[in-house]
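Inspection log for the structure reproduced underneath, given as structure tokens.
Chain letters run A, B, ... following the sequence lines, proteins first and then strands; every chain starts at 1.
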Protein chains: 2
Amino acid sequence: MVINIKLKSTSAERVASSLSGRGFKTTRQRDSIVRIFAAAGQHLSAEELYELVKKAEPGIGYATVYRTLRLLSESGLAHESRFEDGFTRYELSDSGSHHDHIICTGCGQIIEFENHEIEKIQQAIARKHHFLVTNHKHEIYGLCSSCQRKPQKE
Amino acid sequence: MVINIKLKSTSAERVASSLSGRGFKTTRQRDSIVRIFAAAGQHLSAEELYELVKKAEPGIGYATVYRTLRLLSESGLAHESRFEDGFTRYELSDSGSHHDHIICTGCGQIIEFENHEIEKIQQAIARKHHFLVTNHKHEIYGLCSSCQRKPQKE
DNA sequence: ACAGTAATTGAAAATGGTTATCAATATCAA
DNA sequence: TTGATATTGATAACCATTTTCAATTACTGT
Ligand SMILES: [Mn+2]
Ligand SMILES: [Mn+2]
Ligand SMILES: [Zn+2]
Ligand SMILES: [Zn+2]
């Protein structure tokens, strides 16, 4: 009888091993940042992540968080978005899956969507203009159901 | 016999009268900025417009160009976009017509497109998530036909 | 385990696009 | 023309992000 132990690697572990596989050094700071980033959910700004990491790693430097986020982004392990709130937000990239965003301008809530039909039309439009598409950004701004009920800032 | 003289008001004139109609004062600087903006074509950055205006109005201040662009934007007379080149770009708004953009990352060329089908799907997606859409941004990045042939920056 | 070397770190300064401040000047209604 | 108010230009401030640099740390080979 074979005991099948499934070793499910977490996002944090995948990212960490991917980094060391690319020749980057493993450091306590980097590990903390990646682990907390993976656990915290999506669309974090550098500042937000810095605040979270500081709890586990009080001496962490601001620059280190920025540097790590940029490193992840340039390595393709994270994806950055600039919505309309003034700073860059990051999310770990689920391999191969692209998605776009609906953003509530009332509470900041972000919903993700994928639509194959839109992507197809998009390709057709690009082709008509003889463009080779490398990436795109499709953001829908509005109010979520709960913010539609609340009074808006005057 | 009636001689029909068609008084076609230019974009610049429409914007200027719209501003004074809203109670803003008419100034030489504002007039120059609007006139040159209207004549220069689309998607200008504040810096680019400043450089153009300086030729006609050598004493113009940087802040005045920024202020006027913001004024136009807040009055709905201009529309601002933040593409991925780091600064805000403006274009005079053709009343009522929305469009999105295809941007060449090689040469900066910007092509505009409208697609009713995409807008419809977008609304359906928002409705499914109980969102009230206020605006959206759809940008396609890639290489134009001419930049596909040229060697890329390494 | 140890040394050598190159990468990484944290603090602080720098950067760069944009906005605020403020005294001087210009606009416009009365 | 006058006077209240808006606008201007120079400059400083703002603020997210990047750079700098000396000190520390991680890895490679021994
Ligand atoms: Mn997302
Ligand atoms: Mn446009
Ligand atoms: Zn909301
Ligand atoms: Zn091009």
Quick one: do [X] and [Y] make a salt bridge, cutoff under 4.0 Å?
| X | Y | value |
| --- | --- | --- |
| B/K137 | A/E84 | yes |
| B/R82 | B/E80 | yes |
| A/R35 | A/E13 | no |

**OP:** Verify whether the ring centers belonging to B/F113 and B/H101 lie closer than 6.0 Å.
**Re:**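 So the answer is no for these two rings.
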Original post:
So, for A/H98 and A/H79, is the gap between ring centers shorter than 6.0 Å?
Top reply: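 So the answer is no for these two rings.
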Measuring to OP1 and OP2 of [N], would you say a side-chain N or O of [X] lies under 4.0 angstrom away?
| X | N | result |
| --- | --- | --- |
| A/T27 | C/dT9 | yes |
| A/Q29 | C/dG10 | yes |
| A/T64 | C/dG10 | yes |

Is [X] touching bases, backbone alone, or none of the nucleic acid, heavy atoms closer than 4.0 Å?
| X | result |
| --- | --- |
| A/Y66 | base |
| B/S45 | nothing |
| B/T26 | sugar-phosphate |

**OP:** Verify the distance criterion only: is there a donor paired with an acceptor across the side chains of B/Q29 and B/T64 at less than 3.5 Å?
**Re:**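 Not at all, the side chains of B/Q29 and B/T64 share no donor-acceptor pair under 3.5 Å.
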**OP:** Report yes or no: do B/E47 and B/Y62 form a side-chain donor-acceptor pair below 3.5 Å?
**Re:**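 Checked: B/E47/B/Y62 side chains pair up, N/O donor to acceptor below 3.5 Å.
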Original post:
For B/R14, does its backbone N or O pair with a side-chain atom of B/S18 as donor and acceptor, under 3.5 Å?
Top reply: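 No; zero donor-acceptor contacts below 3.5 Å.
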For [X] and [N], what is the distance between atoms [atom1] and [atom2] respectively, to the nearest whole Å?
| X | N | atom1 | atom2 | value |
| --- | --- | --- | --- | --- |
| A/K54 | C/dA11 | NZ | P | 11 Å |
| A/Y62 | C/dA14 | OH | C1' | 16 Å |
| B/L71 | C/dT19 | CG | P | 13 Å |
| B/R30 | C/dA26 | CZ | P | 15 Å |
| B/K25 | C/dA29 | NZ | P | 9 Å |
| B/Y50 | C/dG17 | OH | P | 14 Å |
| B/F83 | C/dG17 | CZ | C1' | 17 Å |

**OP:** Extract, from 5' to 3' on DNA chain D, the first and final nucleotides lying under 4.0 angstrom from some heavy atom of chain B.
**Re:**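 Using the under 4.0 Å cut-off, the span is D/dT5 to D/dA10.
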Original post:
Which comes earlier along DNA chain C counting from the 5' end, the contact point of B/G86 or that of A/G59, where each point is its nearest nucleotide?
Top reply: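 Final value for this comparison: A/G59.
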**OP:** With DNA chain C as reference, determine whether B/F24 or B/A46 sits nearer its 5' end, using the nearest nucleotide of each.
**Re:**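 Looking at DNA chain C, the more 5' nearest nucleotide goes with B/A46.
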**OP:** Just report the end-to-end axis angle for the helix from C/dA1-D/dT30 to C/dA30-D/dT1, five pairs per end, to 10 degrees.
**Re:**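 Result, rounded to 10 degrees: 30°.
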**OP:** Over 60° means perpendicular and under 30° means parallel, so classify the ring planes of A/H138 and B/H138, tilted if in between.
**Re:**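 Geometry flag for A/H138 against B/H138: parallel rings.
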**OP:** Ignoring hydrogens and angles, answer whether the base of C/dG10 and the side-chain atoms of A/R67 contain a donor-acceptor pair closer than 3.5 Å.
**Re:**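 Checked by distance alone, the answer is yes.
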Subject >> Gap separating the CG atom of A/L49 from the NZ atom of A/K54, nearest 0.5 angstrom >> reply: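 Between atom CG of A/L49 and atom NZ of A/K54 there are 12.0 Å.
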